[in-house]
> 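Questions regarding the structure given below will be posed in turn.
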Amino acid sequence: MQSSTEKNLETPIFAPVPQREADVIGLYTCSEHSSAENFDDINSSNSVRAPTPEGFEDIHPQTVENKDGNVEARKILEIGDGFLLEDVPHLTDFIPDLPIYENPLQHNPSYSAVKQYFVDPDDTVKQDVVFKQGVSKGKFFRRAGAREKVYFKPEDVNACIVTCGGLCPGMNTVIREIVCGLSYMYNVRSVLGIEGGYRGFYARNTITLTSRFVNDIHKRGGTILAASRGGHDKKKIVDSIQDRGINQVYIIGGDGTQRGASVIFEEIQRRKLKVSVVGIPKTIDNDIAVIDKSFGFDSAVEEAQRAINAAHVESQSAENGIGVVKLMGRYSGFIAMYATLASRDVDCCLIPESSFYLEGPGGLFQFIKKRLKECNHMVIVVAEGAGQELMAKQSLENKDPSGNTQLRDVGMWLSQKIKDYFKKKVNMVITLKYIDPTYMIRAIPSNASDNIYCSLLAHSAVHGAMAGFTGFVCGPVNGRHAYIPFHRVINAQNNVVTTDRMWARLLSSTNQPGFLKPSKKEEEEAIETSDYFKSPNPHLPFEQTMETVNEIDNTD
């Protein structure tokens, strides 16, 4: 007779997804990192029998090719007419007949009193919250949260946490809440910290993490585990995981880090190890796909206000003052856009998604002259990835250890272009101050909003790992935390939509032009009819014969 706390999966404990019997139309398949023969449970009939926590049995694998031509895993359940659940992997998909245990939260006095604390296994989160009449199709993700049954005994859990990539406010908070969540909610006592990113699995020592050790780390910026780029050796990492007896891996990092986490998961799956691999998406740029927002973003926008305010004060206090502030945003201009909207002191915001040009009618220089004539000062915010195509020809093939293109410094370049133009072509005195607060912003502790958000992310990750899910990242989708398969966040990027209302609000706030390049005919007509640009500025100060006061203050 089976005990009440340990059952075989032949006795389903989860109800199937409602609406109608679900048809599984995709399963984890081989990728560029693993070949088909590694999946012993895929037979010649191209079907597999691998029970899942929801009680589904007949699963039909399907090969899916991504935009790079690599074959990737998918697990898609049809849960209604046109409704698809993009499910995440589960340990039972490649290790059948795992024992199931009662969730210790049922006896935790802090949680047992909460009604409906456990997530219903049928709960899903819709990706697109806005419905259109006549359109019933949609994609869903599995809702995050604690389950009534788990696949790990607390005393058997040996978890590890690693932080990769650049710094971001909130990293220490996530570490703290994973450790405290495992300890206080699930009575897990063995948690290791991997030092120095992925390379730390095989090249650095580990730190024993306890709730007492991490108690105050959320008040500090950076990460107590240190972070690094690169060092991703799949075989060495999984060998280390296996040798150390680690069975839960929590990986904190951006899209490049999660791409590495996906490869680690595939190798663990190939070896059929009982190890849950969980990603906590981290990027200060807010460019992780699918999720509403990445942690650290709110803190970054708030801190960016200090730099913008300093630039505004400097520009206001000088004759023809210009303040240039460079903010983070390699490929997505969310920080620049939201900081501009929050500040209301910015006259021009330049982001990677919206191209601009410098000279000619409708160009940036014309706009600067117009603003200086009207207000005698202006503030420009530029995201680090903006205007890369305008800079002097220089190889962009150089990559950092994470595989990111090494961008040119647009802030320094733009500041130099502005001062050269006004000195040599317009003969107009300006005072330009350049501020780059990048590393100041990255290193701050997270604010109250991000601290709460990081706690929810960490707890969602812990609940998912204990429930046996693997190969996923957690994050909010339309305000509800969900489990999202790796492929959805590593093959796409979140970008500012310049045809959306939010960008229109920014343009309305700054009154900047759209920087649409005019035709040659329109440019010639505009020059012929412009009195302002045909004659010198009559309001030049007497110092016009002196060298322009435009030394750049680099605060980096």
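Residue indices begin at 1 and follow the sequence shown.
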> Describe, in one word, how the ring planes of Phe297 and Tyr338 are oriented to each other, choosing from parallel (under 30°), tilted (30 to 60°) and perpendicular (over 60°).
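Answer is perpendicular, since the angle exceeds 60°.
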> Is Gln248 close to Val278 at the side-chain level, that is, under 4.5 Å between some pair of heavy atoms?
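Counting from C-beta outward, Val278 and Gln248 never come under 4.5 Å.
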> Looking only at heavy atoms, which two atoms of Val410 and Glu384 are closest? And how far apart?
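Minimum heavy-atom separation between Val410 and Glu384: CG1-O, 3.6 Å.
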> With a 4.5 Å limit on heavy-atom distance, are the side chains of Thr470 and Ile268 in contact?
no
> Glu86 and salt bridge (charged side-chain N to carboxylate O under 4.0 Å, His left out): which single residue from Lys139, Lys126, Arg142 fits?
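Exactly one option meets the salt bridge (charged side-chain N to carboxylate O under 4.0 Å, His left out) with Glu86, and it is Lys139.
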> Show me, pair by pair, the donor-acceptor contacts under 3.5 angstrom made by side chains of residues 501-511, not counting sequence neighbours?
from, atom 1, to, atom 2, distance (Å)
Ser509, OG, Arg344, NH1, 3.1
Thr510, OG1, Leu506, O, 3.2
Thr510, OG1, Gln512, N, 3.3
Thr510, OG1, Gln512, OE1, 3.0

> Roughly how far, to the nearest 0.5 Å, is the CZ atom of Arg199 from the NZ atom of Lys236?
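Lys236 NZ to Arg199 CZ: 10.0 Å, rounded to 0.5 Å.
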> Just wondering, do Leu390 and Leu414 contact through their side chains at under 4.5 Å, heavy atoms?
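Answer no - side chains too far apart.
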> How far apart are the closest heavy atoms of Pro445 and His218, and which atoms are they?
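For Pro445 versus His218, the nearest heavy atoms are CB-O, 4.2 Å.
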> Output the distance between atom CD1 (Ile280) and atom CD1 (Ile178), rounded to the nearest 0.5 Å.
4.0 Å
> How long is the gap from OG on Ser240 to OH on Tyr202, to the nearest 0.5 Å?
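Here the interatomic distance stands at 10.0 Å.
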> How about Leu84 and Phe140: do any of their side-chain heavy atoms sit closer than 4.5 Å?
no
> Is any side-chain heavy atom of Leu364 closer than 4.5 Å to a side-chain heavy atom of Cys348?
yes
> Using the rule side-chain contact (heavy atoms from CB on, under 4.5 Å), only one of Leu225, Thr257, Ile194, Ile252 pairs with Cys164; which is it?
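Between Cys164 and the candidates, side-chain contact (heavy atoms from CB on, under 4.5 Å) is satisfied uniquely by Thr257.
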> Drop me the distance from Gln388's CD to Asp409's CG, to the nearest 0.5 angstrom.
9.0 Å
> For the pair Arg480 and Asp123, find out whether any cationic side-chain nitrogen is under 4.0 Å from an anionic carboxylate oxygen.
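Looking at Arg480 and Asp123, the cut-off is not met.
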> Should Lys417 and Phe365 count as side-chain neighbours, where that means a heavy-atom distance under 4.5 Å?
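They are in contact (side-chain heavy atoms under 4.5 Å apart), so the answer is yes.
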> Can Asp285 and Ser332 be said to form a side chain to side chain donor-acceptor pair (under 3.5 Å), step by step?
CA-CA 7 Å; Asp285 295 345; Ser332 301; over 6 Å; no
> Evaluate the side-chain proximity of Val191 to Tyr250: yes if any heavy-atom separation is below 4.5 Å, no if none is.
no
> Indicate whether any N or O donor in one side chain lies under 3.5 Å from an N or O acceptor in the other, for Tyr357 and Glu359.
no
> Return the orientation label for the Tyr483 and Phe469 ring planes: parallel under 30°, perpendicular over 60°, tilted otherwise.
tilted
> Could you check whether any side-chain N or O of Asn478 sits under 3.5 Å from a backbone N or O of Gln127, counting only pairs where one atom can act as donor and the other as acceptor?
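Checked: pair present.
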> Nearest 0.5 angstrom please: Asp450 CG to Asp298 CG, how far?
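Rounded to the nearest 0.5 Å, the CG-CG separation comes out at 5.0 Å.
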